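Worksheet: one structure, shown below.
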Amino acid sequence: MTFALMKTQCSLVLLFTVLLICANVSEALYFYIDGVNRKCFIEELPKETMVTGTYRAEQYSETQKQWIADSDLKIRITVDELPKEHHIVNRVGDSHGHFTFTSTESGDHLICLAPVSTAWFDNTRTKITFDMDFDDPVSGDQHNHDATFSELANRIHDLTQRVHDIRREQTSQREREMEFRDRSELTNSRAVWWTIAQIIVLGVVCVWQMRYFKNFFVAKKLV
């Protein structure tokens, strides 16, 4: 009787372990993307739910005939609240990493991932392994907000970089305008001096011709 009870307990423990392993495996998924197309998921989230997404991107190498991790590959991650399409996350990350956001409203959220390429026509096949972890909003006081702060810091850094780019472009535009104005003023100044020089030359020629003809008429006693 005792042996049968122990055998039943061992069977239940083994079954529970297998179910846990299957559950952990089923949480992660992978999908394929051709070129720079994006793959999106819609998740219904309660308000103030903290979501952590983990991803790993690999591209298929025709020469090696296998999936390889490319350090130059970038992945764009966007998260929008539906139906307002309010941007929560919009960033470009490395080929592998994670992102974190907290839902501000209850409802559907559109989560998209897409490879980033600088080529005009990029048909490279990309495999992305993706997993998400959801924290219960009721335990929000116990969250580790380091990832959230890191996400905010990245967004602030991106915004600061954009402001610097705009300022640099404005400075370059002002410099080009000043250079164009200086060239225009120089050209106008040269045109004015050239006109004055022509008038002076014409005046000298006229005076010389008048004196020449006067002396000629006097010599011929025509006057």
Side-chain angles (χ1 to χ4, degrees), residues 19-137 143-162 165:
L19 290 176
L20 284 179
I21 294 175
C22 292
N24 291 331
V25 172
S26 63
E27 289 179 356
L29 59 90
Y30 65 90
F31 49 87
Y32 300 96
I33 298 178
D34 292 328
V36 293
N37 296 324
R38 68 174 186 170
K39 181 70 174 179
C40 297
F41 306 90
I42 296 179
E43 289 289 342
E44 184 177 358
L45 302 174
K47 185 177 181 180
E48 297 181 357
T49 300
M50 184 175 179
V51 181
T52 301
T54 305
Y55 65 92
R56 183 178 72 255
E58 300 171 303
Q59 290 189 325
Y60 188 75
S61 174
E62 294 292 344
T63 57
Q64 302 181 16
K65 301 298 181 182
Q66 62 179 356
W67 297 97
I68 60 174
D70 187 358
S71 59
D72 296 331
L73 178 63
K74 301 296 182 182
I75 301 296
R76 177 176 296 277
I77 305 106
T78 59
V79 179
D80 298 333
E81 287 183 351
L82 299 179
K84 298 180 180 179
E85 296 185 358
H86 172 66
H87 294 295
I88 300 178
V89 178
N90 186 7
R91 54 167 294 193
V92 176
D94 295 330
S95 59
H96 64 279
H98 69 277
F99 61 93
T100 303
F101 68 92
T102 302
S103 58
T104 57
E105 298 292 340
S106 301
D108 291 336
H109 290 68
L110 183 66
I111 304 171
C112 298
L113 293 91
V116 177
S117 176
T118 57
W120 286 97
F121 301 99
D122 189 355
N123 295 323
T124 306
R125 191 170 178 82
T126 304
K127 176 183 177 182
I128 298 181
T129 304
F130 184 57
D131 188 18
M132 287 189 297
D133 180 39
F134 305 90
D135 286 350
D136 190 355
H143 287 163
N144 183 4
H145 295 286
D146 291 342
T148 303
F149 292 153
S150 177
E151 182 71 23
L152 292 175
N154 290 333
R155 296 179 63 181
I156 293 173
H157 179 269
D158 293 341
L159 292 175
T160 304
Q161 187 64 34
R162 292 182 182 179
D165 293 340

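Since this is a predicted model, take the numbers as computed values, not measurements. Numbers for residues simply follow the sequence, beginning at 1.
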Worksheet item: Would you say the side-chain atoms of Ser106 pair up with the backbone N or O of Lys47, donor to acceptor, closer than 3.5 Å?
Response: yes
Discussion item. Quick check against the 3.5 Å criterion: does Arg155 have a side-chain atom that pairs as donor or acceptor with the backbone of Ile88?
Written reply: yes
Discussion item. Going by the rule salt bridge (charged side-chain N to carboxylate O under 4.0 Å, His left out), which residues pair with Arg38 if we only count those two or more places apart in sequence or in a different chain?
Written reply: none
Discussion item. Distance alone, cut at 3.5 Å: any donor-acceptor contact between the side chains of Asn90 and Arg76?
Written reply: yes
Practice prompt. Verify, without hydrogens or angle tests, whether Ser95 (side chain) and Ala57 (backbone) share a donor-acceptor contact under 3.5 angstrom.
Written response: no
Worksheet item: Do the side chains of His109 and Leu82 get nearer than 4.5 Å, heavy atoms only?
Response: no
Discussion item. For a 4.5 angstrom cut-off between non-hydrogen side-chain atoms, does Lys65 reach Tyr60?
Written reply: yes
Worksheet item: Side chains of Val51 and Glu43: does their closest heavy-atom pair fall under 4.5 Å?
Response: no
Item to complete: Say whether, by atom type as modelled, one donor and one acceptor occur between the side chain of Ser103 and the main chain of Pro46 under 3.5 angstrom.
Response: yes
Worksheet item: More than 12 foreign heavy atoms under 6.0 Å from NZ of Lys39: is that the case here?
Response: no
Worksheet entry | Glu85, CD: over 12 other non-hydrogen atoms inside 6.0 angstrom | no
Worksheet, complete the sentence: Residue set satisfying ring-ring contact (aromatic ring centres under 6.0 Å, His included) with Phe41, at least two apart, ordered chain then number -> Phe31, Phe130
Worksheet item: For the residue pair Phe101 and Phe99, does the interplanar ring angle fall in the parallel (under 30°), tilted (30 to 60°) or perpendicular (over 60°) class?
Response: parallel
Practice prompt. Identify the heavy atoms of Ile75 and Ile128 that sit nearest to each other, and give their distance.
Written response: CD1-CD1, 4.2 Å
Worksheet entry | Flag, side chain of Asp70 to backbone of Asp72, donor-acceptor distance under 3.5 Å | yes
Practice prompt. Flag the pair Cys40 / Leu110 as yes when at least one side-chain heavy-atom distance between them is below 4.5 Å, and no otherwise.
Written response: yes
Worksheet item: Taking C-beta and beyond as the side chain, do Trp67 and Arg125 meet within less than 4.5 Å on heavy atoms?
Response: yes
Discussion item. Are Leu73 and Pro115 packed together at the side-chain level, in the sense that at least one heavy-atom pair is separated by less than 4.5 angstrom?
Written reply: yes
Discussion item. Taking the side chain as everything from C-beta on, heavy atoms only, tell me whether His87 gets closer than 4.5 Å to Thr78.
Written reply: no
